[in-house]
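Each chain gets a letter, A, B and so on, in the order its sequence line appears, and its residues count up from 1. For clarity, every value in this text was computed on a predicted model and none was experimentally measured.
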Amino acid sequence: MNPNGQNLRFLLDKSLTLKQLKQVHAPIISNGLHHLQTLLLRQVLHSDFTFSAAIARYVHLILHNLKNPDAFSWSCAIRYFSLHSQYETALSLYLKIKRLGLCPSSFAVSSALRACARILNELGGISIHAQVYKFGFCGCVYVQTALVDFYSKLGDMKTARKVFDGMPEKNVVSWNSVLSGYLKSGDMEEAQVVFDEIPNKDVVSWNSMVSGYARMGNMDKAYFLFQQIPQRSLASWNAMISGYVECERVESARGIFDAMPLRNNVSWITMISGYSKCGNVESARQLFDQMSERDVLLFNAMIACYAQNSQPKEAIELFNQMLKLEVNIQPNETTLASVISASSQLGDMKFGLWAEFYMSEHGIELDDHLATALVDLYTKCGDIDRAYKLFHGLKKRDVVAYSAMILGCGINGKAVEATKLFEDMVNADICPNVVTYTGLLTAYNHAGLVEEGYRCFNSMKEHGLEPSGDHYGIMVDLLGRAGQLDKAVELIRSMPMQPQAGVWGALLLACSLHNNVELGETAARNCFKLEPDKNGYYVLLANIYASAARWDDERRLRKVMEKKGFAKIPGCSWMDSM
DNA sequence: GTAGGGTTAG
């Protein structure tokens with residue numbers, strides 16, 4: 001049957017699948033049925049299709065095929081892209097509508113404002129604000145509310161309040177917008193005042209307050225409000241969970257989780273990431289296994305949990321499961337960032353190259369998180385040039401990126417470059433943190449620069465940073481290797497926290513390098529106590545005894561090792577067993 | 001139509 005205008009029109013009144021839409025589109029264009037294109041566009045824009053690049057292209061195609069571009073169609077498209085987080089596209093369409101000389105509808109204006117708010121396009125939003133008067137949207141609640149929200153998201157509460165106070169008519173969304181602005185800027189007092197003034201609070205008003213107090217760490221107040229919510233939504237419960245997780249009260253979070261009448265993926269993921277943060281991988285995995293409806297974010301949370309808790313093999317194993325046909329979930333940028341981190345912990349360069357290939361094949365954008373993960377991977381595998389290329393290609397170099405690059409230079413013996421990067425970073429007004437110092441100290445350590453290391457270590461306090469056990473460990477290693485064993489011991493004694501095994505291990509290694517039996521025994525005793533199952537420490541002490549020709553002690557130690565079930569260690573590979 | 005809850009890199 002040859003489709004004509006009438007039966008196509010009939011089809012368009014139905015709810016169509018994307019495939020059907022595509023089939024309808026061609027005859028509409030070829031038969032010159034331009035008036036039906038608007039209908040077709042409306043079908044697409046009002047459908048429940050999940051957003052995809054294909055649909056986006058499709059919308060553009062119809063839009064540009066319209067013989068008589070009308071404000072309504074364009075406005076629909078702007079709203080569509082804005083709702084699907086395609087803010088840049090929405091804004092460019094908004095600019096186009098104005099170039100065409102058309103008057104945008106009120107929802108085109110509010111959608112464009114929403115886009116500006118989300119991508120923090122200050123100038124764009126302000127110029128739309130000016131147009132609001134020109135187009136006569138001063139009395140439109142939706143547009144005015146979008147303006148309040150725009151300034152709130154920007155943190156400009158003065159202007160937000162001015163627009164809000166000038167609104168002839170307000171609805172609960174307008175109130176919620178100004179409320180969330182105060183909450184976002186941390187002004188709890190003003191937020192509470194606004195909240196108390198809202199004439200008919202809805203569940204969003206309540207939830208905003210709960211998560212506001214939760215973010216401030218005031219969980220008592222958050223819980224107090226939570227209990228009073230007339231009709232709790234899923235988000236109310238989830239806000240409580242993430243609040244407790246944020247305050248590292250994972251058991252309280254679990255209490256809320258267990259008490260929920262209904263859970264969604266957000267509840268599960270928040271809970272899993274909570275367990276991840278406190279190192280409880282087992283509980284996280286238990287939850288993951290209980291969850292049957294797994295999406296990419298759930299996998300991401302669990303993979304990240306493994307990667308962040310030094311279980312890189314498990315991270316990669318789960319990633320492989322995710323790719324299996326029966327699961328068939330497409331990884332995204334977040335997934336790859338975690339998996340690359342896991343590969344880096346394994347020192348597996350192959351995976352980085354595979355990941356870059358996979359990304360180009362699947363159109364996954366190399367964002368800054370991913371690039372930083374790759375910088376870390378490539379430097380750990382010794383490919384500094386490749387890492388530098390990625391580092392220089394970053395859109396924004398932040399403290400994490402600099403720290404990765406500094407550490408990368410450090411472990412590759414490039415102390416001068418590490419120092420240079422550190423200076424660049426400080427000059428760019430980026431504040432170093434404890435990880436940055438780990439990188440810098442590692443650089444001095446690898447280069448054997450004791451003086452510089454000392455100075456660096458002491459300067460941490462000037463930046464308001466407290467050295468961690470790791471920092472002490474590196475310093476002990478640096479001093480120890482240089483033969484300054486007394487200073488190393490002195491440093492350990494000065495530690496404000498209990499030294500971990502690694503710190504004593506560094507001293508033990510130094511003692512073996514410099515043949516110091518007495519100190520070596522002390523260090524070893526502490527290592528044995530803290531990590532009784534690690535044979536490397538025994539081997540080191542045995543080597544110390546051997547080099548001092550204390551064969552009785554050496555034999556005695558070997559016997560202990562055999563009793564503990566350690567395999568006999570050939571003399572050459574003790575470094576590997578550390 | 002406007003508002004709220006989830007995963008990522010050193």
A.B. asks: If you look at every strand shown and take non-hydrogen atoms under 4.0 Å, does A/Q308 touch a base, only sugar-phosphate, or nothing?
C.D. replies: sugar-phosphate
A.B. asks: What pairs of residues pass the ring pair (Phe, Tyr, Trp, His ring centres under 6.0 Å) test when at least one of them lies in residues 208-229 of chain A, not counting sequence neighbours?
C.D. replies: A/F226-A/W237
A.B. asks: Contact class for A/S273 (heavy atom, under 4.0 Å): base, sugar-phosphate, or nothing?
C.D. replies: sugar-phosphate
A.B. asks: With heavy atoms of chain A within less than 4.0 Å as the criterion, where does contact along DNA chain B begin and end?
C.D. replies: B/dG1 to B/dG10
A.B. asks: Pick base, sugar-phosphate or nothing for A/D202, based on heavy-atom distances below 4.0 Å to the nucleic acid.
C.D. replies: base
A.B. asks: Hey, would you say the A/F257 and A/W268 ring centroids sit under 6.0 Å apart?
C.D. replies: yes
A.B. asks: Contact class for A/L298 (heavy atom, under 4.0 Å): base, sugar-phosphate, or nothing?
C.D. replies: nothing
A.B. asks: Per the side chain to side chain donor-acceptor pair (under 3.5 Å) rule, what does the pair list look like for residues 336-347 of chain A, sequence neighbours excluded?
C.D. replies: A/S341-A/Q345, A/S344-A/D376
A.B. asks: Excluding sequence neighbours, so at least two apart, what forms side chain to side chain contact (heavy atoms under 4.5 Å, CB included) with A/L297?
C.D. replies: A/I269, A/D295
A.B. asks: Looking across every strand, which nucleic acid part, if any, lies under 4.0 Å from A/D398 by heavy atom: base, sugar-phosphate, or nothing?
C.D. replies: base
A.B. asks: Base, sugar-phosphate or nothing for A/S341? Non-hydrogen atoms, less than 4.0 Å.
C.D. replies: sugar-phosphate
A.B. asks: Over all strands shown, is A/V399 touching base, sugar-phosphate only, or nothing at heavy-atom distances under 4.0 angstrom?
C.D. replies: base
A.B. asks: Within the structure shown, what part of the strands sits under 4.0 Å from A/T270 by heavy-atom distance: base, sugar-phosphate, or nothing?
C.D. replies: sugar-phosphate
A.B. asks: Tell me what A/K153 touches on the nucleic acid: a base, only sugar-phosphate, or nothing, going by heavy atoms under 4.0 Å.
C.D. replies: sugar-phosphate
A.B. asks: For A/S233, answer base if it contacts any base atom (sugar-phosphate contacts may also be present), sugar-phosphate if it contacts only those atoms, and nothing otherwise; contact means non-hydrogen atoms under 4.0 Å.
C.D. replies: base
A.B. asks: For A/R118, answer base if it contacts any base atom (sugar-phosphate contacts may also be present), sugar-phosphate if it contacts only those atoms, and nothing otherwise; contact means non-hydrogen atoms under 4.0 Å.
C.D. replies: sugar-phosphate
A.B. asks: Within the structure shown, what part of the strands sits under 4.0 Å from A/A146 by heavy-atom distance: base, sugar-phosphate, or nothing?
C.D. replies: nothing
A.B. asks: Mind checking salt bridge (Lys or Arg N to Asp or Glu O under 4.0 Å) for A/K350 and listing every partner two or more places apart, or none if nothing turns up?
C.D. replies: A/D348
A.B. asks: For A/N300, enumerate each residue passing the side chain to side chain donor-acceptor pair (under 3.5 Å) test, keeping only those at least two apart in sequence or located in another chain.
C.D. replies: A/N332, A/T335
A.B. asks: Taking any heavy-atom pair under 4.0 Å as a contact, classify A/D376: base, sugar-phosphate, or nothing.
C.D. replies: sugar-phosphate
A.B. asks: Under 4.5 Å between any side-chain heavy atoms of A/M405 and A/Y388, yes or no?
C.D. replies: yes
